[in-house]
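Only one structure is covered here, and it is reproduced in the block below.
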Amino acid sequence: MNILRTSRVALRALGRNKMRSFLTALGIIIGVGAVISMVSIGEGAKRGVEDRFASMGTNLLFVSPGSRSSHGVHSGSGGFNTLKPEDATAIETQCDAVKYTSPSASTRAQVVYGNKNWSTSIQGTGAMYPEVRNWELDQGTYFDEGHVRTAAKVCVLGSEVKKSLFEGEDAIGKIIRVKAIPFRVIGVFKSKGESGGWFNRDDMMTVPYTTVMKRLTGQEYISSIDISAVSSARTKEAQTQIEELMRVRHKIAPGAEDDFQVRNMSEIAEGAAQATQIMTILLGSIASISLLVGGIGIMNIMLVSVTERIREIGIRMAVGARQKDILLQFLTEAIVLSVLGGLIGVFFGIGLSKILHYIKIFSEFKTTVSPSSIIMAFAFSASVGIFFGFYPARKASRLDPIEALRYE
Amino acid sequence: MSTPAIQIDDLTKVYKVGETAVHALRGISYKVESGEFLAIMGPSGSGKSTLMNIIGCLDRPTTGQYLLEGEEVSTFDRDKLARIRNQKIGFVFQTFNLLPRTSALENAELPLLYSSHINSKQRRELALKALESVGLKDRAHHKTNQLSGGEQQRIAIARALLNSPSLILADEPTGNLDTKTSAEIMEIFTRLNEDKKITLVMVTHEPDIACYAKKRIYMRDGKIIREEKGREGCEDQAR
């Protein structure tokens, strides 16, 4: 018997018991669908994180206080923080691979305008912050070095803060209050189109970092320095220059541990992508379990089917079916079940991830159906059919023709 | 004279049932010429079914020789026996043994599924022709469970005929049928034997059915005890 003929016989046999065949295939349909949609969630999250980091710029570097100082036993620097605004100035003037720096000091506070209020993150930054982060203003202007020097009470609003406080009203020139201190709005950031999430860049406002230090928190140190390298290609070089400079400035002896940390955006992006990759693998493997369970369902039904059809097997053997023919027939039935189930499951999975995309239950990111996950799920389902179909098929082929013919 | 259809020499078959050995056949030698119509009779446990299974290449003898059309088949493995069954032997059973929920046509063409050289169109034609020869062409697309016992048995005969076998083995072919239908089935067998010269071996325990055969052998305790030819012993059977 050739493959075509065998598959036709198998299809006919499955057609004789449609409901059962469908229910058996359902296990595979759900399994494949689950793998594809779960992986699409993971892939979507990964791509979303990658895109977000890419939009932040790959020439971005951060200097933050090192872990040693956070133990609070560091002699001479007094407390947790070791970064000073002068470090930022020094980096900008002395490292030639660095373009701009912006010291950063942040806090969280309730922001009040009229009878409206909004709790948001207040980022103290340098005047070059929009250039460093590659952010654009929608209205107004950013504060300049003068504002920074005088710790001016000016602010630039993120689009969501602006919307919450002013709605349609023009915000430029208005006075808002932060911790009872009046701030004049001089600019509004362009929306980055984000909602919710871990680090929403629309739900924040910026003020000069000096203002945060002197008027809002009273801290003497800055929490980090945002730095942009002259180009993405020179990011590594910039990192080395900054590290060398900082060791000199902080008087760190050769071999001693740094009291600061320099990280670049691509490192951070890599870490985040790795985290979402782990999520993808986790989701995928949990979904694979359902595929495995579906396979066991196939084996179960095939075993029942073999027992039910012992007589049929006897008849087929009597008219000349060889062991191989019987093995192939039942194996094909199992494979047809799992392949058809797999095919339907692929469409089911794609549909499911489209729906998840629209209702955004699991993630704010788009779901992405990757061809590799389709191929993988489909190949896996087919091999599940072969694997779990083989035992029942072999059992069928080993029946004794005489006993099979007499079986009641 | 041509090669005998069946030639068996000193055939024995021993089954192991738990610890005890059951001697189903105790040295049987017999010869069936091509074109003969033989009935095997005997009480249950006499070994007639075992003999049929061996003749039908469903089973192998413990010792002895079995030549089917001159070919020594007693040493063949399972797959070779399957090939022989497919090419040379047609089976008709007491319980018809048709595939349930399957059309008459599909049932009839079953043997051809396992012989590789025929395409599906030829297969259909041959199956229809076989069904026609047993008078069931108009029932070709009926499912087997919608048909009467006599019709089912005729489908089984059509199936047995499909590979144009040289030998048809019938195991109690009328055991589940009424007298009238039994007669119809036996008419078909007689016709096949006389017109197409197909060798027929039939197991039965009904004397009137056995009398359709031209030769009868009687078995008891794994041995052939008597042979009758022609109308011998059938004088009181209506025909």
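From a predicted model like this one, the values you see are computed outputs, not experimental measurements. Sequence lines set the chain letters: A, B, ... in the order given, protein chains first and strands last, and positions in each chain run from 1. Only this structure's heavy atoms are used, side chains among them; waters, hydrogens and symmetry mates stay out.
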> Do the non-hydrogen side-chain atoms of B:Thr102 and A:Arg16 ever get within less than 4.5 Å of each other?
Replying inline: yes

>> As a quick check of understanding, evaluate side-chain contact (heavy atoms from CB on, under 4.5 Å) for A:Arg316 and B:Leu99, giving each step before the final call.
In response: CA-CA 9 Å; A:Arg316 287 180 186 277; B:Leu99 299 183; 3.6 Å; yes

> Is it the case that more than 12 heavy atoms not belonging to B:Arg124 sit under 6.0 Å from its CZ atom?
Replying inline: no

>> Would you say CZ of B:Arg220 has more than 12 non-hydrogen atoms from neighbouring residues, nucleotides or ligands within 6.0 angstrom?
In response: no

> Any side-chain heavy atom of A:Leu405 sitting closer than 4.5 Å to one from B:Leu58?
Replying inline: yes

> Residues of residues 295-303 of chain A under 4.5 Å from chain B (heavy atom pairs)?
Replying inline: none

> Of all heavy-atom pairs between A:Gly320 and B:Tyr114, which one has the smallest distance, and what is that distance?
Replying inline: O-CB, 3.7 Å

>> Quick check on B:Gln146: does its CD atom have over 12 non-hydrogen neighbours (other residues, nucleotides or ligands) under 6.0 Å away?
In response: yes

> Which atoms form the tightest heavy-atom contact between A:Ile315 and B:Asn97, and what is the distance?
Replying inline: CD1-O, 3.1 Å

> Under a 4.5 Å heavy-atom cut-off, does chain A meet the side chain of B:Ile89, its backbone, both or neither?
Replying inline: neither

>> To check you understand the geometry: which heavy-atom pair defines the closest contact between A:Ala321 and B:Ala82, and what is its length?
In response: O-CB, 3.7 Å

> Where on B:Glu106 is there a heavy atom nearer than 4.5 Å to chain A: the side chain, the backbone, both, or neither?
Replying inline: side chain

> How would you list, in number order, the residues of residues 375-392 of chain A that have a heavy atom less than 4.5 Å from chain B?
Replying inline: none

> Which pair of heavy atoms, one from A:Pro401 and one from B:Arg78, lies closest together, and at what distance?
Replying inline: CD-NH2, 3.8 Å

> Taking all atoms of both residues into account, what is the closest heavy-atom pair of A:Arg8 and B:Ser120, and its distance?
Replying inline: NH1-CB, 3.9 Å

>> Quick check for you: among B:Ser115, B:Pro165, B:Pro111, which has the greatest number of heavy-atom pairs under 4.5 Å with chain A?
In response: B:Pro111

>> Just checking B:Gln122: does its CD atom have more than 12 heavy atoms from other residues, nucleotides or ligands closer to it than 6.0 angstrom?
In response: yes

> For B:Leu98, is it the side chain, the backbone, both, or neither that has a heavy atom closer than 4.5 Å to a heavy atom of chain A?
Replying inline: backbone

>> Which heavy atom of A:Arg406 sits nearest to which heavy atom of B:Ser49, and what is that distance?
In response: NH2-CB, 3.8 Å

